[in-house]
Amino acid sequence: MLIFATRPLSFISSFHFPLQQFCTNTITSMDSSKPFSTIAADHSSSREPHKVESNGEAAISLQEWRGWGTTSTVPSMVTQVVEDLNMLEKNVDAQMVFGGNHGKLSGDFKVQEDKKHRAKYQSLGDSEQKLQFFSARQIACRVLGSRGYLCQKCWLCSGDCMCSKLITCPLWNRMRFWLYMHPKDFLRQNNTGKLLWQVFGVQGATLCLYGITEHEDMMWDALKLAGKDKVWCLYPNKNAPTNSVKDGMAGLSFANVENHPEMADGAHSLNFILIDGTWSNSGAMFGRLKDRYKLMWGEEEIPCITLNTGASLMHKLRPQPSWDRTCTAAAAIGLLDELHDLPNFVSYGLDKQAKALEDAVEVLFEALTTRRLHMGRSITRKQRHNRDIF
């Protein structure tokens with residue numbers, strides 16, 4: 001997101017994480033008794049291709065699906081893609097093999113599957129069907145290709161798993177983040193959006209995958225319940241005025257709601273949509289949000305807010321297009337900090353919640369840095385990709 005760099009984030013320099021009053025629960029390591037949760041360590045300089053031993057059945061179960069951080073049922077098109085992959089494996093003289101990162105198919109099976117999925121894509125009648133197929137295929141391959149390699153909780157390979165170092169912190173119950181994530185950022189090890197539900201839980205920060213019908217319907221059903229006056233998107237909409245946090249939030253009051261616990265439902269929550277994808281993909285994602293907003297409420301522009309946040313610690317590993325843009329987690333931290341500065345929000349502990357998320361970013365930074373050093377790679381990168389940007 002385009003964010004004006006007038007106040008840098010206060011990331012600390014050490015990796016010591018004291019328990020805080022608001023943040024006392026520690027995320028435990030992966031339970032080895034559950035399928036797909038025990039992952040062989042891999043610190044090799046390059047990831048070796050590995051085979052998916054389907055044994056005639058490589059379906060994604062509900063337990064596995066939700067283990068990756070989602071709250072929905074297994075999307076129907078993702079299930080269909082997996083079934084198609086299984087059928088292709090039976091019909092061709094090649095086994096399903098994934099190599100490299102991001103669930104990329106490799107070998108002879110990749111050649112056959114490329115032909116098949118390109119033909120199917122071309123046969124689809126409209127752009128909506130093509131988007132849904134693209135998203136489902138990306139996600140299905142990433143899930144299948146990450147089995148036995150990535151930790152389901154933190155999306156890092158098990159040798160770098162950081163779950164035991166993270167400290168959870170409940171988000172204020174009148175607030176909810178929606179991580180509107182591009183499929184190409186799903187299961188990326190350096191993605192920072194995942195930290196929100198790792199720290200705040202899936203009810204405080206919910207994943208919504210772009211182009212996945214079940215996810216998008218779930219999000220918009222919740223937004224409809226909340227009402228359009230409680231929905232904002234963190235995005236620099238150049239075609240319409242954007243508000244600062246102070247302009248958009250200073251007049252809100254929750255005294256009546258806070259005094260009535262029975263009103264603790266989605267209809268009384270502030271909803272913030274964070275676009276979690278590359279800068280080049282964010283335009284299409286924002287356009288899709290605008291179309292759905294107009295369909296639901298008949299208005300052309302979804303309300304957008306900008307922040308006064310500066311550069312994140314993650315800039316050291318993953319440069320952004322410019323220093324006035326930042327990663328997903330840093331944008332959430334900036335929002336929490338700016339809300340806490342408002343008199344009507346000061347009593348909700350948002351500063352403690354921002355600090356918990358800052359600590360999680362440091363844990364991720366340390367894990368990624370340690371892996372790069374172990375692999376003999378530089379801990380800084382040239383500006384190649386613009387990932388996870390608002």
Side-chain donor/acceptor of [X] to backbone N/O of [Y], under 3.5 Å:
| X | Y | value |
| --- | --- | --- |
| Glu338 | Leu307 | no |
| Ser146 | Tyr149 | no |
| Lys194 | Cys154 | yes |
| Asn271 | Ser269 | yes |
| Thr328 | Asp276 | no |
| Ser244 | Asp247 | yes |
| Gln353 | Cys169 | no |
| Trp155 | Trp68 | yes |

With sequence neighbours left out, write down each residue that passes ring pair (Phe, Tyr, Trp, His ring centres under 6.0 Å) with [X], or none if nothing qualifies.
| X | value |
| --- | --- |
| Tyr210 | Tyr180, His182 |
| Phe133 | none |
| Trp220 | none |

Partner set under salt bridge (Lys or Arg N to Asp or Glu O under 4.0 Å) for Lys224, not counting sequence neighbours: none

Residues passing the salt bridge (Lys or Arg N to Asp or Glu O under 4.0 Å) test with Lys130, sequence neighbours excluded, are none

How about [X] and [Y]: does a side-chain donor come under 3.5 Å of a side-chain acceptor?
| X | Y | result |
| --- | --- | --- |
| Ser76 | Glu214 | yes |
| Gln138 | Arg142 | yes |
| Ser72 | Trp65 | yes |
| Trp178 | Thr206 | no |

To the nearest 0.5 angstrom, please state how far the [atom1] atom of [X] sits from the [atom2] atom of [Y].
| X | Y | atom1 | atom2 | result |
| --- | --- | --- | --- | --- |
| Leu195 | Glu362 | CG | CD | 11.5 Å |
| Leu171 | Leu336 | CG | CG | 6.5 Å |
| His117 | Leu88 | NE2 | CG | 12.0 Å |
| Thr213 | Gln132 | OG1 | CD | 3.5 Å |
| Thr70 | Glu64 | OG1 | CD | 10.0 Å |
| His340 | Ser347 | NE2 | OG | 9.5 Å |

Are the charged groups of Asp351 and Lys355 less than 4.0 angstrom apart, N to O? no

State whether Glu299 and Lys228 are salt-bridged, where the test is any N-O pair (Lys NZ or Arg NE/NH1/NH2 against Asp/Glu carboxylate O) under 4.0 Å. yes

According to a 4.5 Å side-chain heavy-atom criterion applied to Ile, Leu, Val, Met, Phe, Trp and Tyr, with indirect links allowed, do [X] and [Y] form part of one hydrophobic cluster?
| X | Y | result |
| --- | --- | --- |
| Val202 | Leu187 | yes |
| Tyr121 | Val82 | yes |
| Leu252 | Phe272 | yes |
| Val111 | Val81 | no |

Is it true that atom CE of Met296 has more than 12 heavy atoms of other residues, nucleotides or ligands lying nearer than 6.0 Å? yes

Side chain to side chain contact (heavy atoms under 4.5 Å, CB included) partners of [X], counting only residues at least two apart:
| X | result |
| --- | --- |
| Ala94 | Val92, Asp108, Phe109 |
| Gln129 | Leu124, Asp126 |
| Ala205 | Phe177, Leu179, Leu196, Trp197 |

Counting C-beta onward and ignoring hydrogens, is there a side-chain heavy-atom pair between [X] and [Y] closer than 4.5 Å?
| X | Y | result |
| --- | --- | --- |
| Glu89 | Glu113 | no |
| Lys153 | Leu166 | no |
| Leu357 | Phe200 | yes |
| Val78 | Val143 | no |
| Cys151 | Leu156 | no |
| Asp221 | Met218 | no |
| Leu270 | Trp232 | yes |
| Phe186 | Leu207 | yes |

Trace of the side-chain contact (heavy atoms from CB on, under 4.5 Å) decision for Asp341 with Val245: CA-CA 10 Å; Asp341 289 341; Val245 173; over 6 Å; no

Sequence neighbours excluded, which residues qualify as side-chain hydrogen bond (donor to acceptor under 3.5 Å, both in side chains) partners of [X]?
| X | result |
| --- | --- |
| Thr71 | none |
| Gln112 | none |
| Lys294 | Glu300 |
| Arg292 | Asp217 |

Carefully, step by step, assess Asp84 and Lys120 under the rule salt bridge (Lys or Arg N to Asp or Glu O under 4.0 Å). CA-CA 11 Å; Asp84 290 344; Lys120 181 170 183 176; 3.4 Å; yes

Of all the heavy-atom pairs spanning [X] and [Y], show the shortest one and how long it is.
| X | Y | result |
| --- | --- | --- |
| Cys141 | Leu85 | SG-CD1, 4.4 Å |
| Ala360 | Val199 | CB-CG2, 3.6 Å |
| Pro183 | Ile139 | CB-CG1, 4.1 Å |

Identified side chain to side chain donor-acceptor pair (under 3.5 Å) partner of Asp114 from the options Lys110, Lys116, Arg118: Lys110

Apply side-chain contact (heavy atoms from CB on, under 4.5 Å) to residues Asp160 and Thr370 and explain how you reach the verdict. CA-CA 8 Å; Asp160 306 312; Thr370 300; 5.5 Å; no

Arg371/Glu366 under salt bridge (Lys or Arg N to Asp or Glu O under 4.0 Å): CA gap, chis, key distance, verdict: CA-CA 9 Å; Arg371 179 162 180 83; Glu366 181 184 24; over 6 Å; no

